[in-house]
Amino acid sequence: MEILHIILDALRHSILITGLVIVMMMMIESLNIESKGLLFRGLRRTRLGQVLVSALLGSIPGCMGGFAVVSLYTHHLISFGALVAMMIASSGDEAFMMLALIPKDAVVLFALLLVIATVTGYLIDLFDSRRKRPTDLVDGIRNDIGYVVHSHEEDGQEEESHGHVHKKKISWGWKRIVLLLGLVLFIGALLIGITGHEHTELAHHHSLNALLNEDGMHILFGILSLILLIVLCFSSDHFINEHIWHHVICKHLPSIFAWTFGVLLFLGLGMRCIDISHWISDNVALMIILATLIGLIPESGPHMIFVTLYASGVVPFSVLLASSISQDGHASLPLLAESKRGYLKAKLINCIIALAAGFLMMGLN
């Protein structure tokens, strides 16, 4: 019965965390479409602004900004230093989880990553004599990979289908209904508080429960969910099918839930067998190295381990910092496909910076 209690507790927390992350991802997707891609139009042709703007794009939760920067780099429109700045500043989908679990710490981390990314990118370009001046950034944006704004979405009036153009279609298919029902259930869970208000065994061993029980967070995400509910009611079939269902739900939801549930279950069961907190506290240097090496994986998921461990009070900030610098979600996957040399070179620099920052922070602590 005790093990079943731990499993159910991990399941409740996983549902809440996954719901918070997915709501934020859908909001970002919606904002990108509603702005007609203008979230990327802050890029300028000047050399001085490249690194900073790329770092800012990398700071956008998810891989949206990262995909834009990689696309621009592979089209020879921005410098290598700007690419590295994006990869340092970006935390992939883990950024959504950090905003859900550790909002205050996340803001501090993002600001610190932005500073490190900007300084590193600027120094790289300063000593890179082969750096080229970007040309037409708008064309580069239109070749973006990932969060795509199709041509018919820029005017918000028409859609394309098999080469034909027709008026935007809004129908009540099963995907829209499932999304709306899911949001309604999630809002209900936030209002009732059934997902995290019990003082369970899992919460007893680490501080996740204290954060997940904050009424302010529940109210905030309840409001966001209500806004998203209205948006989905009036969104086009194309937006529902392609941007929300295929990209957010099918691609991200399963992996986010699986990794979150797996880590929470491991923590809950592990605390029964060994003193994980004591073992890790005695091996912080090893955890920094491990977090940096796992950051080489060009995918979101494995890195969520360190976010959850930090939110649980198991690892210090230095480990989370090293992990966040080293990894960039799957934003670098297109770079690996287009420029393996550029990918390896950028990741090597990221690892060096991650180790240096992690050990420096450990020393300061």
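Computed from heavy atoms alone, side chains included, the values below leave out hydrogens, waters and symmetry copies.
Taken together through direct or relayed side-chain contacts under 4.5 Å among Ile, Leu, Val, Met, Phe, Trp and Tyr, Trp174 and Leu253 form part of one hydrophobic cluster. Residues Ile244 and Val178 are members of one and the same hydrophobic cluster, defined by side-chain heavy-atom contacts under 4.5 angstrom among Ile, Leu, Val, Met, Phe, Trp and Tyr.
Rounding to the nearest 0.5 angstrom, the gap separating the CG atom in Leu114 from the CD1 atom in Ile88 is 11.0 Å. Here Phe239 contributes atom CZ and Met26 contributes atom CE; the two are 9.0 Å apart, rounded to the nearest 0.5 Å. Rounding to the nearest 0.5 Å places CD1 of Ile223 at 10.5 Å from CD1 of Ile187.
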* Tyr73 and Met86: CA distance, side-chain angles, deciding distance, side chain to side chain contact (heavy atoms under 4.5 Å, CB included) verdict -> CA-CA 11 Å; Tyr73 176 75; Met86 178 279 295; over 6 Å; no
* Steps toward side chain to side chain contact (heavy atoms under 4.5 Å, CB included) verdict (Met287, Phe306) -> CA-CA 9 Å; Met287 293 300 295; Phe306 300 101; 3.8 Å; yes
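Residues Leu321 and Leu113 form a side-chain contact, since some pair of their non-hydrogen atoms from C-beta on lies under 4.5 Å apart. Using a 4.5 Å cut-off on side-chain heavy atoms (C-beta onward), Gln327 and Ser91 make contact. Residues Phe186 and Ile22 fail the side-chain proximity criterion, which asks for heavy atoms closer than 4.5 Å. A heavy-atom distance below 4.5 Å is not found between the side chains of Phe96 and Val307. Contact of the Met361 side chain with the Leu112 side chain is registered, since non-hydrogen atoms from C-beta on lie closer than 4.5 Å. Contact check for Phe110 versus Val115: no side-chain heavy atoms found under the 4.5 Å cut-off. Residues Asn350 and Asp328 meet the side-chain proximity criterion, which asks for heavy atoms closer than 4.5 Å. Using a 4.5 Å cut-off on side-chain heavy atoms (C-beta onward), Ser318 and Ile288 make contact.
One side chain, Asp125 or Ser79, offers a donor N or O that lies under 3.5 Å from an acceptor on the other.
Scanning all heavy atoms of the two residues, the minimum distance from Phe80 to Gly342 falls at CE1-O, 3.9 Å. Of all non-hydrogen atoms in Cys351 and Leu296, the two that sit nearest each other are SG-CD2, 3.3 Å. When every heavy atom of Met98 is checked against every heavy atom of Leu109, the shortest pair comes out as SD-CD2, 3.4 Å.
Not one N or O on the side chain of Ser326 forms a donor-acceptor pair closer than 3.5 Å with the backbone of Ala322. Listed for the Arg12 side chain is no donor-acceptor partner under 3.5 Å among the backbone atoms of Ile7. The backbone N or O of Ala55 lies less than 3.5 Å from a partner atom in the side chain of Ser59, making a donor-acceptor pair. At distances below 3.5 Å, not a single donor-acceptor pair connects side-chain atoms of Arg176 with backbone N or O atoms of Ile240. Put simply, the side chain of Lys347 gets close to the backbone of Gly295: a donor and an acceptor are under 3.5 Å apart.
Using a cut-off of 4.0 Å between Lys/Arg side-chain N and Asp/Glu carboxylate O, Lys175 and Asp237 are scored as not salt-bridged.
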